[in-house]
Amino acid sequence: MERKEIAGLSFISATLNEAVDEALRLILTGKGGMVVTPNAEIGKLAIDDPDFRALLSSADLVVPDGAGVVLAGKLLGAGLKGKIAGIDLGLALLPRLAEHDLPLFLLGSKPGVADAAAEKLCGQVPGLTICGTQHGYFKEDEEIVARIRESGAKALFCCLGAPKQEQWMNAHRAELPGVLMLGLGGTLDVVAGNVKRAPDFFIKCNLEWFYRLLKEPRRIGRMMKLPAYELDVLLLKLGLKKLKGREG
Ligand code: UDP
């Protein structure tokens with residue numbers, strides 16, 4: 001799978017279908033692993049925090065979730081095939097999981113949301129097995145890890161928000177061998193119908209971020225990370241900024 005380096009992260013340059021094939025391959029070969037879906041906000045965090053960057057870099061697939069990352073690729077002349085929203089990757093994987101009898105566990109969001117999402121998904125994807133759900137406001141990790149392992153899950157949607165979900169997946173990947181964990185942010189909220197995704201027009205025009213800003217103006221602080229990310233990418237390209245190493 002082709003990869004392009006953007007500000008210290010090696011993003012896949014792929015179509016949605018190619019990314020789904022690769023994710024499925026990781027499961028069918030028994031490798032499992034970790035899929036992260038950084039957008040510009042997370043990309044900025046990775047620039048500023050070398051430990052978090054190393055964590056993201058250790059993922060099996062680093063998926064460019066968001067127009068901001070695609071723009072950064074253009075600024076660097078390292079064009080990506082396109083944006084792959086984490087939610088699109090997760091949803092497109094479902095029929096393939098069903099086809100191969102691979103059970104899915106849903107982790108994250110407020111109590112009740114994962115159950116509602118499970119019901120919706122099972123109604124939409126014939127043959128899909130959801131082998132467990134768990135809300136994202138638990139205290140003890142170990143009990144949850146044991147439940148996921150015992151459920152026989154081969155895929156896990158880890159929807160705890162960034163950077164918590166990435167840290168959680170990294171902390172427990174060794175205890176969940178063969179499970180493909182995908183960090184998918186607010187996906188369960190959207191599937192359950194609690195949060196609406198932008199209309200197609202906004203998605204097609206790479207303006208999904210703008211729609212979310214209109215709906216949730218309090219996200220402005222988080223969204224200002226987008227221009228900060230693009231600026232850093234330019235400064236890195238021009239040699240006016242260097243990525244900090246892990247020792248500082
Ligand atoms: N969340 C969670 N546990 C936590 C913090 C957050 O399960 O301790 C969930 C939250 O309920 C929401 C998701 O993580 O469903 C984060 O959503 P957000 O839209 O912030 O994620 P994004 O896709 O923007 O990263």
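Just so you know, ligand 1 is whichever comes first in the structure, and atom 1 is the first atom listed for that ligand. Because the structure is predicted, anything quoted here is derived from the model rather than measured.
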K.L.:
Any chance NZ of K154 has more than 12 other-residue heavy atoms, nucleotides or ligands included, within less than 6.0 Å?
P.N.:
no
K.L.:
What's the separation between atom CD1 in I42 and atom CZ in R222, rounded to the nearest 0.5 Å?
P.N.:
7.0 Å
K.L.:
Could you see which bit of D189 sits under 4.0 Å from ligand 1, with heavy atoms only: side chain, backbone, both or neither?
P.N.:
side chain
K.L.:
Would you kindly specify which portion of K164 sits under 4.0 Å from ligand 1, judged on non-hydrogen atoms: side chain, backbone, both or neither?
P.N.:
side chain
K.L.:
Which pairs of donor and acceptor atoms, one on a side chain in residues 174-187, lie under 3.5 Å apart (sequence neighbours left out)?
P.N.:
| from | atom 1 | to | atom 2 | distance (Å) |
| --- | --- | --- | --- | --- |
| E175 | OE2 | H172 | ND1 | 2.7 |
| T187 | OG1 | L184 | O | 2.6 |

K.L.:
For ligand 1, is there an atom lying under 4.0 Å from some heavy atom of R222?
P.N.:
yes
K.L.:
Report the member of G161, A192, A85 with the shortest heavy-atom distance to atom 16 (C) of ligand 1.
P.N.:
G161
K.L.:
Work out whether the distance between some heavy atom of R212 and some atom of ligand 1 is less than 4.0 Å.
P.N.:
yes
K.L.:
Give yes if a backbone or side-chain nitrogen or oxygen of L184 is under 3.5 Å from a nitrogen or oxygen of ligand 1, and no if not.
P.N.:
no
K.L.:
So is G108 polar-close to ligand 1, meaning N/O to N/O under 3.5 Å?
P.N.:
no
K.L.:
Short N/O distance, under 3.5 Å, between C159 and ligand 1?
P.N.:
yes
K.L.:
Taking the non-hydrogen atoms of L160, is any one of them nearer than 4.0 angstrom to ligand 1?
P.N.:
yes
K.L.:
Between R96 and D21, does any side-chain N to carboxylate O distance fall below 4.0 Å?
P.N.:
yes
K.L.:
Among protein heavy atoms, which lies nearest atom 7 (O) of ligand 1, and at what distance?
P.N.:
S109 N, 2.8 Å
K.L.:
Looking only at protein heavy atoms, which one is nearest to atom 1 (N) of ligand 1, and what is the separation?
P.N.:
Y137 OH, 3.2 Å
K.L.:
Look at the side chain of R3 and the backbone N and O of V62, then say whether any donor-acceptor pair between them is shorter than 3.5 Å.
P.N.:
no
K.L.:
Identify, by atom number and element, the atoms of ligand 1 in contact range of G186, meaning under 4.0 Å from any of its heavy atoms.
P.N.:
17 (O), 21 (O), 22 (P), 23 (O)
K.L.:
Quick one: does K81's side chain have a donor or acceptor within less than 3.5 Å of a partner on T15's backbone?
P.N.:
no
K.L.:
How far is atom 3 (N) of ligand 1 from its nearest protein heavy atom, and which residue and atom name does that atom have?
P.N.:
G136 O, 2.8 Å
K.L.:
Without swapping roles, check the side chain of S151 against the backbone of A153 for a donor-acceptor pair under 3.5 Å.
P.N.:
yes
K.L.:
Does R25 pair with D60 as a salt bridge, N-O distance under 4.0 Å?
P.N.:
no
K.L.:
Per the salt bridge (charged side-chain N to carboxylate O under 4.0 Å, His left out) rule, what does the pair list look like for residues 224-237, sequence neighbours excluded?
P.N.:
K44-D232, D232-K241
K.L.:
Does the residue R219 have a heavy-atom contact with ligand 1, meaning some pair of atoms that are separated by less than 4.0 Å?
P.N.:
yes
